[in-house]
Amino acid sequence: MTISGKPRVRFAPSPTGYLHVGGARTALFNWLYARREGGVFILRVEDTDAERNRPELVEGILASLKWLGLDWDEGPFFQSQRMEMYRAAAQRLLESGHGYYCYCAASSYAGADAAQHEDADAATDHAASGEVKQKRRAACPCRNLTAEERAEKEQQELPKAIRFAAPHTGTTKFEDAVFGSREVENAEIEDFVLLRSNGAPTYQLGVVVDDIDMRITHVMRGADHLSNTPKQALLYRALGAEPPIFAHVPLILGPDRTRLSKRHGATSVESYEVEGFLPEAFRNFLVLLGWSPGDDTEMFDTAALIEKFSLSGVSRTNAVFDRAKLEWFNAQYLQKLPIDALLPYIEKELRRSGLWKEAWASTQKEWFAHTVDLLRPRTRFLKDFSTWGRAFFAEDFEYEAAAKDKFWKDPRLGELLGKLADGYAGLAEWNHDNCEKVLRDLAAAEGLKAGLLINATRVAIVGVAVAPALFETMLALGKDRVVSRLRRALPELPKA
RNA sequence: GGCGCCAUGGUGCAACGGUUAGCACAUCGCCCUUUCAAGGCGGUAAUGCGGGUUCGAUUCCCGCUGGCGCUACCA
């Protein structure tokens, strides 16, 4: 194998949809491995099926990879632009006797049903007559065409595909860094198509030709490819190359343990970005699906991840995508990320919702950072800053119905908050202790519990029942806004 | 149907022949908090079943069951 040199790995998505979380996890593992080993991470777009391809989706996939911080060293390469290479390879296989022309209509032989029934019939027949069970897969009759028969087919100008002439005996071996050394009976391998009748390569051909050409040393991909790997190992050798090391990673399943799909909710990386997840959090969550550092650590920054990642930590068990834990990670990152790293995300969110003010990036930068810091312990999504935290960044906000019901019940509140507003209006120095004193003095003078005023005031100045500590909030809002908001709330408050 | 892979609480992972089976999420309770989170403390909760091997199995082997994957001129 590759005796020396750095490992070369690749991520090869197919542009039939957005970047799927499973694909993102595979890309992440490849990227981590390359970074860990000082190798090369290559991006290749597998778009050989014109029918399903949506070229316009490529940009979205690349954007999602970038969002996750996964940068590639080579590519993106497009298989659709390398068609000649696959045809030449198929031709070589044909000439070396590893391939043959198949004239069957695409729908006749190929149907899984046909092969299945043939097998099933053979099995029962043999069982009935007590013979050894026939293992060999149904083969295409075109493999054994006589020269005359072939000439006749050519004469009819039937569309023809090129199939692989799989060996009938022996076994095929390959190495998998996750599943171990694998060996299968060649009799189980069918004569799969290499080149379609339209001249385009199938996945099996394209992937092998490209991985050889790009000198890929480790093929890391979903375990759904495990069963087809023997075919590829055979192809490598037929093409005169040694198979690379494979590393199949377990699949990500939905809560019902079936393959993750739209039925389970969001499956595209992009939707999580839109929902307000931090890429750091999403990535941290993802890496723990099917991989473990070997101990109980689970919060990793990029450097730690790169340092700790290894194929030996990859599990063989499929993992269920647990949205609740993803959210927990997001809340953790929202709280623990260095404030300077967080600010750009908040800015983006506020711009998105139309609340952004340029001053927050210049003259009021300090205020902005402080306010974000004040809000973040209670946030779970980036969106929370523009929705739940709206009153900190905008003058127009609504009073949450539940908050009013809970804290604006006392009939004395209208008069009390009016007095409070006056008290604050007359405050010479606006600081935490003074704000607190004004409120507590009023409560004492009226013989009330301070809590009544605290909770009612909170709703009046930020519109919600859940918010940062009241006097911190007042400081962040400033005297003018607190006074005006208190007065603005008076008409809404119950009167004696 | 055939072939293959997998199997620790509800979920994600630890324990790679000897632990009172550990951590995290979720969940329940308490503390903190005149809101709510965060945080702290504690509780409930797992080795799928049956055979072996061994002084001793979560761990090794076999069978079963279950789940998943492949079996396309999709990738």
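Reminder, nothing fancy here: chain letters follow the sequence lines and each chain counts from 1.
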- request: For Gly294(A), answer base if it contacts any base atom (sugar-phosphate contacts may also be present), sugar-phosphate if it contacts only those atoms, and nothing otherwise; contact means non-hydrogen atoms under 4.0 Å.
  value: sugar-phosphate

task: Describe the nucleic acid contact of His248(A) in one word from base, sugar-phosphate, nothing, applying a heavy-atom distance below 4.0 Å.
output: nothing

- request: Could you check whether Ala319(A) gets within reach of a base, just the sugar-phosphate, or nothing at all, counting any heavy atom under 4.0 Å?
  value: sugar-phosphate

message: Suppose we define a pair by two distances each less than 3.5 Å, Watson-Crick or G-U wobble; what does U47(B) pair with here?
response: none

- request: Mind calculating the distance between CE (Met220(A)) and P (A75(B)) to the nearest angstrom?
  value: 23 Å

message: Taking 4.0 Å as the cut-off, does a side-chain nitrogen or oxygen of Arg316(A) come that near to OP1 or OP2 on C6(B)?
response: yes

- request: Report which part of the nucleic acid Gln332(A) touches: base, sugar-phosphate, or nothing (heavy-atom distance under 4.0 Å, all strands).
  value: sugar-phosphate

query: Within the pair Arg221(A) and C70(B), is there a side-chain N or O less than 4.0 Å away from OP1 or OP2?
result: no

task: Using only heavy-atom distances, determine whether the side chains of Glu183(A) and Thr171(A) contain a donor-acceptor pair under 3.5 Å.
output: yes

Phe29(A) ring center near Trp291(A) ring center (under 6.0 Å): no

field: Whole-Å distance separating the CG atom of Leu413(A) from the P atom of U35(B)
entry: 16 Å

task: Measure the distance from CZ on Arg25(A) to C1' on G12(B) and round it to the nearest whole Å.
output: 12 Å

message: Using a heavy-atom cut-off of 4.0 Å across all strands, would you classify Ile454(A) as base, sugar-phosphate, or nothing?
response: base

- prompt: What interatomic distance, in whole Å, is found between P of U54(B) and the corresponding atom of C16(B)?
  reply: 23 Å

task: Quick one: label Gln204(A) by what it contacts on the DNA or RNA (base, sugar-phosphate, nothing), any heavy atom closer than 4.0 Å.
output: base

Whole-Å gap separating C1' (A26(B)) and CG (Leu326(A)): 14 Å

Assigned partner base of C32(B), Watson-Crick or wobble definition, under 3.5 Å: none

- prompt: Which of these nucleotides, A24(B), U8(B), A37(B), is closest to any side-chain atom of Glu298(A)?
  reply: A24(B)

message: Between P on G67(B) and CG on Asn318(A), what's the gap in Å once rounded to a whole number?
response: 13 Å

message: Check this one for me: any side-chain N or O of Thr16(A) less than 4.0 Å away from OP1 or OP2 of A75(B)?
response: no

task: Report yes if a side-chain nitrogen or oxygen of Thr48(A) is closer than 4.0 Å to either non-bridging phosphate oxygen (OP1 or OP2) of A75(B); otherwise report no.
output: yes

task: Assign Ala12(A) to base, sugar-phosphate, or nothing according to its heavy-atom contacts below 4.0 angstrom with the strands shown.
output: nothing

- prompt: Reckon Asn228(A) touches a base, only the sugar-phosphate, or nothing at all at heavy-atom distances under 4.0 Å?
  reply: base

- prompt: At under 4.0 Å between heavy atoms, what does Pro468(A) touch on the DNA or RNA strands: base, sugar-phosphate, or nothing?
  reply: base

field: Base partner of A26(B), which must satisfy Watson-Crick or wobble distances under 3.5 Å
entry: none

Phe11(A)-Trp72(A) aromatic ring centre distance below 6.0 Å: no

message: Using side-chain heavy atoms (C-beta onward) and a distance below 4.5 Å, is Pro279(A) in contact with Phe277(A)?
response: no

query: Taking CZ from Phe381(A) and C1' from A38(B), how many angstroms apart are they, rounded to a whole number?
result: 16 Å

message: Please identify which of these residues, Asp213(A), Asp210(A), Asp211(A), meets the salt bridge (Lys or Arg N to Asp or Glu O under 4.0 Å) condition with Arg10(A).
response: Asp211(A)

statement: Of Ser292(A) and Ala223(A), the one whose closest nucleotide on RNA chain B sits nearer the 5' end is Ser292(A)

- request: For residues Phe285(A) and Phe321(A), establish whether the separation of their ring centroids is below 6.0 Å.
  value: yes

field: Distance in angstrom units between Asp322(A) CG and C13(B) P, rounded
entry: 11 Å

- request: For Phe321(A), answer base if it contacts any base atom (sugar-phosphate contacts may also be present), sugar-phosphate if it contacts only those atoms, and nothing otherwise; contact means non-hydrogen atoms under 4.0 Å.
  value: nothing

- prompt: Is the phosphate of C3(B), meaning OP1 or OP2, less than 4.0 Å from a side-chain N or O of Arg182(A)?
  reply: no

message: When you measure from the side-chain N and O atoms of Arg458(A) to the phosphate of C36(B), is any distance below 4.0 Å, counting only OP1 and OP2?
response: no

task: Indicate, with a heavy-atom threshold strictly under 4.0 Å, whether Gly290(A) touches base, sugar-phosphate, or nothing.
output: sugar-phosphate

Any donor-acceptor N or O pair under 3.5 Å, side chains Tyr86(A), Gln91(A): no

Interatomic distance where CG belongs to Asp295(A) and C1' belongs to C23(B) [whole Å]: 10 Å

task: Have a look at Ser315(A) and say if it touches a base, only the backbone sugar-phosphate, or nothing, with a 4.0 Å heavy-atom cut-off.
output: nothing

query: Among C70(B), A26(B), U11(B), which is the nearest nucleotide to the side chain of Arg257(A)?
result: U11(B)

- request: Report the base-pairing partner of G4(B) (Watson-Crick or G-U wobble, both distances below 3.5 angstrom), or none.
  value: C68(B)

- request: With heavy atoms under 4.0 Å as the rule, sort Ala467(A) into base, sugar-phosphate or nothing.
  value: base

task: State whether a side-chain donor-acceptor pair under 3.5 Å links Asp191(A) with Tyr100(A).
output: yes

